Amino acid sequence: QVQLVESGGGLVQAGGSLRLSCAASGRTFYNYVVGWFRQAPGKQREFLTALSLSGANTYYADSVKGRFTFSRDNAKNTVYLQMNSLKPEDTAVYYCAAAQWGWDYTSRYYDSNEYHYWGQGTQVTVSS
């Protein structure tokens, strides 16, 4: 079973950048699908990005496409979420999540119910 720990959240002004990290322990990320989600107060958990099972594709939500970038460092067993051009509406708790799937299809990556392991979350606050 993999344990996930996020870090890197904080307070930033609109237009600024942050990089979130998600470190895995207990297992390596090898053979796990890993994604990033966020949840703002009073809202449902929202998909942001995920790397496909094959590693060939990275999926992004329209709300963050062109501003957020998913990356992965297998040697450090860590994934990252680089967030640029931040907006006040990006304020939320950010989570990384992982799952082991025998097969995939595109819509599966966007569904938080398909992920089995979650980090504790890290708060990102963007001031206007």
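These numbers come from the heavy atoms of this one structure, side chains and all, not from hydrogens, waters or symmetry mates. The residues of the chain are indexed from 1 along the displayed sequence. Since this is a predicted model, take the numbers as computed values, not measurements.
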Find the distance between CD (E114) and CG (D104) and round it off to the nearest 0.5 Å.
-> 11.0 Å

Under a 4.5 Å side-chain heavy-atom rule over Ile, Leu, Val, Met, Phe, Trp and Tyr, are V93 and L48 clustered together?
-> no

Check whether V64 and Y95 end up in the same hydrophobic cluster, where Ile, Leu, Val, Met, Phe, Trp and Tyr are linked by side-chain heavy atoms less than 4.5 Å apart.
-> no

If you measure from OH on Y80 to SG on C96, what distance do you get to the nearest 0.5 Å?
-> 12.0 Å

Side-chain contact, heavy-atom cut-off 4.5 Å: Q1 with Y117?
-> yes

If you round to the nearest 0.5 Å, how far is CG of D111 from OG1 of T106?
-> 13.0 Å

A92 versus Q123, closest heavy-atom pair with distance = O-NE2, 3.4 Å

Between A24 and L4, the two heavy atoms sitting closest are CB-CD2, 4.2 Å

Just wondering, do Y59 and F70 contact through their side chains at under 4.5 Å, heavy atoms?
-> no

Spacing of L86 atom CG and R67 atom CZ [to the nearest 0.5 Å] = 6.5 Å

Compare all side-chain heavy atoms of R45 with those of W118 and state whether any distance is below 4.5 angstrom.
-> yes

How about Q39 and S112: do any of their side-chain heavy atoms sit closer than 4.5 Å?
-> no

NE2 of H116 to OH of Y32: how many Å apart, nearest 0.5 Å?
-> 10.5 Å

Can you find a pair of side-chain heavy atoms, one from W36 and one from L51, that are under 4.5 Å apart?
-> no

Side-chain heavy-atom pair F37, Y115 within 4.5 angstrom cut-off = yes

Taking 4.0 angstrom as the limit, do D90 and K87 come out as a salt bridge?
-> no

May I ask whether Y110 and Y60 are part of the same hydrophobic cluster, defined by side-chain heavy atoms of I, L, V, M, F, W, Y residues being less than 4.5 angstrom apart, directly or through others?
-> no

Taking every heavy atom of T122 against every heavy atom of E6, the minimum-distance pair comes out as CG2-CB, 4.0 Å

Does the side chain of M83 reach to within under 4.5 Å of the side chain of L81, using non-hydrogen atoms?
-> yes

Parallel, tilted or perpendicular for W101 and Y109, by the 30°/60° rule?
-> perpendicular

Would you say T125's side chain and T91's backbone share a donor-acceptor pair under 3.5 angstrom?
-> no

With a 3.5 Å cut-off and sequence neighbours excluded, list the donor-acceptor pairs that the side chains of residues 14-22 form with protein atoms.
{"residue": "S17", "atom": "OG", "partner": "N84", "partner atom": "OD1", "Å": "2.9"}

